A.B. asks: 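Sending over a structure as structure tokens; questions will come in a sec.
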Amino acid sequence: MRLLKYFLPLALFLALAIFLGLGLSKDPREIPSPFIGKSAPTFSLPTLEVSSNGAQAGPVWSPASMEGKVWLLNIWGSWCAGCLTEHPLLAEIAKENSNPELIGIAWKDEPAASGTWLKKNGNPYKKVVIDRAGKVAIDYGVYGAPETFLIDKKGIVRAKHIGPLTQEAWEKRLKPLADKLQKEQ
Amino acid sequence: MSNPKSSLPPQSPAYQARLRALSEELRCLVCQNQSLADSNAELAVDLKREVERLMTEGKSDEEIKTYLVQRYGDFVLYKPPMQSNTLLLWGGPFALLLAGGVAWRLAQRRTKLAAAAETNPTQSAARKLLD
């Protein structure tokens, strides 16, 4: 009983320290996405056509055309610093024989500015769609660029990465999952 | 429309009050510790516009909140909902209060018992001296 009197406060302190420690080790920006395991929201947005005489809106594109493919949906903007950080990695992924295919959403960006950015830094995307109003981004629960969704052959969101994609996150988490999804029917 | 509030003209004080009340319950995800109402971040402005659009479509407060939770998760709500994974959050303070109360009662009883045990020998010793 006497021992308890001395150890109880210590035990309580340790429990509190562990809880607070766990809280500190979490990234407050890593908000769990409610979309994991659910169908990716559908949309129809104009594509961005980049040519030598500027950039303009092209034909409408919709995720339905990706059925049977594993793909990455990357939300970016020419105004976004983090997007430039992850850009070399996206270029590398794009080189790796189109698994997964990379689709970009130019979020709240002027098509002309998006076009200039892509021309200057290189275009890793198979397709870029224009979401000037940010309506589709809201449907995807996006709250900051860049964000990346991994979507499977049936159009189900399987993973989400918040912030610039890192080599580590790609190699340890997304790439193995994409390879596994590629083998699924 | 089933919701009488939806017919309010956009500039009326009641409409503005409803928009304000709703956006105070919703978190600005960019700034996290501010509500949508307090925030001027661009996404917060977009989300406020979205809330307003849903209001003019005649959606109820509950429907608007569900719409945002479906996209942004429970995190978008400033007041977390009562459900199995928030049980500790909601119940924790009451459990701690109860534990504290029990500990306090036990401690009180022990001092009372100790005091009672002490008074008797002292009293008898004092009486012996008086005799």
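Letters A, B, ... are given to chains in the order of the sequence lines, protein chains preceding strands, and every chain is numbered from 1. All figures in this text were calculated on a predicted structure; none of them were measured in a lab.
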A.B. asks: How many angstroms lie between atom CZ of B:Arg49 and atom CD1 of A:Ile138, to the nearest 0.5 angstrom?
C.D. replies: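 The distance works out to 7.0 Å.
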A.B. asks: Counting only heavy atoms from other residues, nucleotides and ligands, does the tally under 6.0 Å from CD of A:Glu184 exceed 12?
C.D. replies: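 More than 12 heavy atoms, drawn from other residues, nucleotides or ligands, come within 6.0 Å of this atom.
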A.B. asks: Could you tell me whether a side-chain N or O of B:Tyr72 sits under 3.5 Å from a main-chain N or O of A:Val142, the two making a donor and an acceptor?
C.D. replies: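 Yes, the answer is positive, given that a donor and an acceptor are paired below the 3.5 Å cut-off.
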A.B. asks: Taking atom CG of B:Leu88 as the centre, does the number of heavy atoms from other residues, nucleotides or ligands within less than 6.0 Å exceed 12?
C.D. replies: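 Open: at most 12 neighbouring heavy atoms sit under 6.0 Å from CG of B:Leu88.
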A.B. asks: Considering only heavy atoms from C-beta outward, does the side chain of B:Gln70 approach that of A:Lys38 to under 4.5 Å?
C.D. replies: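 They are not in side-chain contact.
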A.B. asks: Tell me if the CD atom of A:Glu67 is crowded by more than 12 foreign heavy atoms within 6.0 Å.
C.D. replies: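 No.
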A.B. asks: Taking NZ in A:Lys127 as the centre, count heavy atoms belonging to other residues, nucleotides or ligands within less than 6.0 Å. Is the count above 12?
C.D. replies: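 No - once you tally the heavy atoms of other residues, nucleotides and ligands closer than 6.0 Å, there are 12 at most.
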A.B. asks: I'd like to know whether NZ of A:Lys119 has more than 12 heavy-atom contacts from other residues, nucleotides or ligands below 6.0 angstrom.
C.D. replies: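 Count over threshold, so yes.
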A.B. asks: Quick check: closest heavy atoms across B:Gly73 and A:Pro34, and the distance to 0.1 Å?
C.D. replies: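 Minimum heavy-atom contact is N-CG, 3.4 Å.
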A.B. asks: Heavy atoms only: give me the nearest B:Tyr67-A:Lys135 pair and the separation to one decimal.
C.D. replies: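 Where B:Tyr67 meets A:Lys135 most closely, the heavy atoms are OH-NZ, 3.4 Å.
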A.B. asks: Could you pull out the closest heavy-atom pair between B:Asp46 and A:Ala133, with the gap in Å?
C.D. replies: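 Heavy atoms only, the tightest pair is OD2-O, 3.8 Å.
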